[in-house]
Amino acid sequence: MWIYTLRRILTMIPTLLLISAVCFVVIKLQPGNFADQYLEDPRFTKESAETLRRQLGLDQPDYVQYGRWLWGVVSRGDFGFSFASGRPVSSLIAEKLGWTVFVALLTLLCSWIIAIPLGIFTALNKDKPISSLLNFFGYLGLAIPDFLAGLLLVSLVLKLGGSNVGGLFSPAMIDAPWSWERVKDMLAHLWIPVVALGLEGVAGLMRQMRASLLDVLNQDYIRTAKAKGLPSRVVTLKHALRNAINPLISLAGLSLPSLISGTIILSIILNLPTIGPALYDALLSKDQYVALTLLMFSSLMLLIGNLLADLALALTDPRVRYG
Amino acid sequence: MDNPKIPTPLELAWRRFIRSRAGVIGGILLLWLYLTALFAGFLSPYAIDTQRQDQGYQPPQGIHLVHNGQWMRPFVYAMVRKRDPVTFQLKYSEDTSKPLPILVFTQGEAYSFFGIPSSLHLFGVESGSSFFVFGSDQLGRDLYSRTLVGAQVSLTVGIIGILISFAIGMTVGGISGYYGGTIDTVLQRLVEVLLSFPRLPLLLALSAIIPAKWPSTWVYLAIVAALALIGWASLARVVRGQMLSARDLDYVSAARALGVSDMRIILRHVMPNLSSYLVITATLALPGYILGESALSFLGVGIKEPMTSWGLLLKNANNFEALNLYPWLLLPGIYIVVSVMAFNFFGDALRDAADTTSR
């Protein structure tokens with residue numbers, strides 16, 4: 001198990017290298033560079049724009065720029081600096097990464113808490129109309145783009161006279177020290193992105209849970225358990241559910257890409273301090289090291305998430321053995 | 001003696017498909033959506049780029065039947081704009097003295113249907129007044145017409161995108177599965193790297209490459225290409241799996257023994273056998289393209305004016321003030337939801353119909 005984990009982590013390194021190279025190429029394919037905007041600015045002479053270009057290292061060939069960045073990352077954990085603010089990238093994005101992971105994990109947790117019971121319910125009552133209704137809502141949840149769900153919720157809250165939309169905190173709470181009040185204020189802001197993001201996850205998980213439980217309920221050992229007179233509650237909750245939930249764990253890993261994508265787009269709408277708005281701005285203003293680092297970390301999050309899901313599966317399912 | 005007709009596998013699959021109510025509804029919805037996109041010029045009452053300075057942000061007009069206590073043919077009231085004396089906000093109200101009967105097959109603004117100039121519209125009101133089913137946007141353009149015409153972009157992005165994805169995915173997946181060995185390892189590593197990107201950041205990065213100077217039709221093609229470039233990886237993986245199990249079957253060995261070239265075996269012998277499977281995968285993958293395009297256009301890095309798409313229309317609602325005051329700007333979103341749902345229903349039913357093993 002440990003050897004497996006170690007090997008997975010080690011194989012991540014070449015993958016990440018490849019990813020960073022691909023990202024750098026994609027960013028460099030953008031027409032123009034950061035210094036170009038000063039060429040059109042009447043306050044800058046052509047020479048000062050050229051000086052700026054040299055200062056930013058943009059006069060070097062692309063592979064030198066990439067090599068220097070990579071060397072900085074490997075040798076001293078330096079992810080370059082932001083052209084726009086001059087600050088090191090790592091200090092700019094550390095907190096944003098934290099919030100991204102937090103929002104994504106909170107959403108994942110909430111969607112599991114809601115989706116699993118619903119999935120069990122629809123599987124156990126599969127012929128009742130309420131289940132068909134829930135299944136229909138499942139399809140609906142999968143079909144609503146997360147940004148539309150976010151907009152709908154915002155519009156609803158505004159119509160009802162609420163004002164807790166946008167950002168993470170109310171203006172009065174932004175700089176306040178952490179307290180119970182501040183947490184409450186944050187949750188009052190955070191439920192909109194969590195619900196909008198979770199909708200898709202809940203719908204997908206519910207369908208999987210239903211299918212998986214129905215599968216398990218048809219197996220022989222369930223019939224045996226029922227035949228020997230165990231109460232049906234025990235049979236479903238102890239015998240069936242434990243086996244039915246395993247496929248969902250690998251699903252949690254698979255749902256991460258859409259979760260991260262969703263966090264990004266919702267953060268842009270709702271102005272949350274995650275990597276979403278930062279990536280968007282960095283890409284549009286050609287702030288290359290910020291964009292590169294953010295792209296890399298968004299796929300690193302995915303790789304780590306997948307690894308964790310695989311490990312969790314190995315822990316819960318004794319049949320899974322990694323050599 | 002009559003020969004009892006033996007149903008072909010396709011007929012059997014069709015019967016199974018028909019039995020799924022959701023699938024049939026989904027299919028009909030899709031047909032309807034694509035037909036409205038095709039005849040958008042005729043079905044929409046106005047041209048998409050006609051701006052009306054004094055009719056910005058007009059709410060949708062309700063259809064009435066009773067005027068002054070009398071039944072009439074369906075009509076709408078003209079809208080008048082006034083400034084609220086207290087808040088200075090522009091407010092619309094119905095001018096109930098002036099009913100505008102809804103005319104059917106009426107002449108209106110000119111449009112072109114595959115190069116054929118026409119000005120016939122399904123419905124409209126007398127010229128000089130206007131009837132906005134979904135209200136109007138900031139520049140006083142008819143949102144309903146823009147939604148219908150936007151369908152042409154939103155619904156074709158998926159089809160073209162999936163065709164390109166499939167061409168790449170089938171070739172790469174086919175080669176990877178057929179040859180195995182080093183080629184397989186290298187291609188699978190590539191697929192893995194592509195799959196370990198969250199979709200949206202990579203899409204954002206790719207669409208940032210598109211030069212701002214490009215005309216909107218080029219941008220449209222570039223967006224489709226970006227979507228396809230990301231979409232093919234998962235398809236390649238699926239095709240590879242199928243290929244691996246097919247390559248040792250007798251008919252493949254036979255073809256190889258006859259000296260058929262490898263590429264021909266992959267594309268002409270194995271792929272047709274996977275065709276039903278591929279069609280279903282395509283149907284279920286299509287909503288992802290629609291959603292991807294709408295997300296990009298919504299963020300302002302996708303389709304650009306003067307073209308229009310559902311995502312681009314929703315972009316107007318991307319500020320809290322507009323969202324609060326003009327909630328009808330969200331109406332094009334219904335089309336996204338309905339089309340994605342229809343594709344999912346249709347695809348699921350197709351999959352069940354093609355699946356002969358589980359019953």
Side-chain angles (χ1 to χ4, degrees), chain A residues 12 14-16 18-19 22-23 26-32 135-136 139-140 142-149 151-152 154-159 163 165-166 256-265 268-271 275-276 279-280 283-284 286 291-292 294-295 298-303 306, chain B residues 22 26 189-190 192-214 287-288 290-292 294-296 298-301 310-311 314-315 317-327 329-330 332-334 336-345 348:
Chain A
M12 253 185 222
T15 314
L16 275 176
L18 201 54
I19 286 173
V22 170
C23 289
V26 168
I27 290 171
K28 273 295 168 191
L29 281 176
Q30 282 191 48
N135 286 331
F136 178 77
Y139 270 106
L140 196 64
L142 283 177
I144 298 184
D146 22 32
F147 65 89
L148 184 60
L151 288 178
L152 279 173
V154 168
S155 148
L156 202 68
V157 169
L158 290 173
K159 270 277 160 312
S163 60
V165 290
L256 277 176
S258 65
L259 208 55
I260 295 171
S261 298
T263 315
I264 285 174
I265 195 165
I268 295 173
I269 302 172
L270 296 168
N271 197 15
I275 61 171
L279 177 66
Y280 183 75
L283 280 172
L284 290 193
K286 299 168 187 137
L292 178 57
L294 285 175
L295 280 173
S298 58
S299 45
L300 178 66
M301 277 192 273
L302 201 69
L303 290 173
N306 281 333
Chain B
R189 212 11 66 84
L190 185 70
E192 215 164 84
V193 167
L194 264 179
L195 285 179
S196 57
F197 276 112
R199 262 171 70 98
L200 191 69
L202 193 58
L203 268 178
L204 276 177
L206 283 175
S207 56
I209 299 176
I210 304 170
K213 284 190 275 274
W214 277 18
I290 297 178
L291 292 174
S294 66
L296 281 183
F298 174 76
L299 289 175
V301 289
W310 296 334
L314 285 176
K315 184 171 169 256
N318 188 14
N319 83 59
F320 294 160
E321 199 195 335
L323 195 56
N324 190 24
L325 293 173
Y326 323 115
L329 292 177
L330 289 176
I334 295 174
I336 301 181
V337 177
V338 169
S339 58
V340 171
M341 250 169 115
F343 268 114
N344 282 337
F345 279 140
D348 278 357

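Residue numbers start from 1 in every chain, and the chains themselves are labelled A, B, ... in the order their sequence lines are given, proteins ahead of strands.
- Note: B:Leu323 leads B:Leu190, B:Leu206, B:Leu195, B:Leu323 in heavy-atom pairs under 4.5 Å with chain A.
- Looking at B:Phe320, the atoms closer than 4.5 Å to chain A (heavy atoms on both sides) sit in the backbone and in the side chain alike.
- In this structure, CD in B:Glu192 is found 10.5 Å from CG in A:Leu18, a value given to the nearest 0.5 Å.
- With a 4.5 Å cut-off on non-hydrogen atoms, A:Leu279 touches chain B through its side chain but not through its backbone.
- For B:Asp348, the part sitting under 4.5 Å from any heavy atom of chain A is the side chain, from C-beta outward, and nothing else.
- Both the backbone and the side chain of A:Leu29 come within contact range of chain B, with heavy atoms under 4.5 Å apart.
- Side-chain contact between B:Leu200 and A:Pro257: absent, with no pair of heavy atoms (C-beta onward) separated by less than 4.5 Å.
- Heavy atoms of B:Leu203 lying under 4.5 Å from chain A are absent altogether.
- Contacts of B:Pro211 with chain A are made by both backbone and side-chain atoms, with heavy-atom separations under 4.5 Å.
- Using a 4.5 Å cut-off on side-chain heavy atoms (C-beta onward), A:Ile264 and B:Pro201 make contact.
- With a threshold of 4.5 angstrom between heavy atoms, B:Val338 does not approach chain A through any atom at all.
- Of the listed residues (A:Val22, A:Thr15, A:Leu295), the one with the most heavy-atom contacts under 4.5 Å to chain B is A:Leu295.
- For A:Ile144, the parts sitting under 4.5 Å from any heavy atom of chain B are the backbone and the side chain alike.
- The parts of A:Leu151 that come within reach of chain B are both its backbone and its side chain, each placing non-hydrogen atoms under 4.5 angstrom from that chain.
- Residues B:Leu330 and A:Leu148 have side chains in contact (heavy-atom distance under 4.5 Å, counting atoms from C-beta outward).
- Using a 4.5 Å cut-off on side-chain heavy atoms (C-beta onward), B:Phe298 and A:Ile269 make contact.
- With a 4.5 angstrom heavy-atom cutoff, A:Ile19 touches chain B via backbone and side-chain atoms both.
- Using a 4.5 Å cut-off between heavy atoms, A:Leu140 touches chain B through backbone and side chain atoms alike.
- Using a 4.5 Å cut-off on side-chain heavy atoms (C-beta onward), A:Phe147 and B:Leu299 make no contact.
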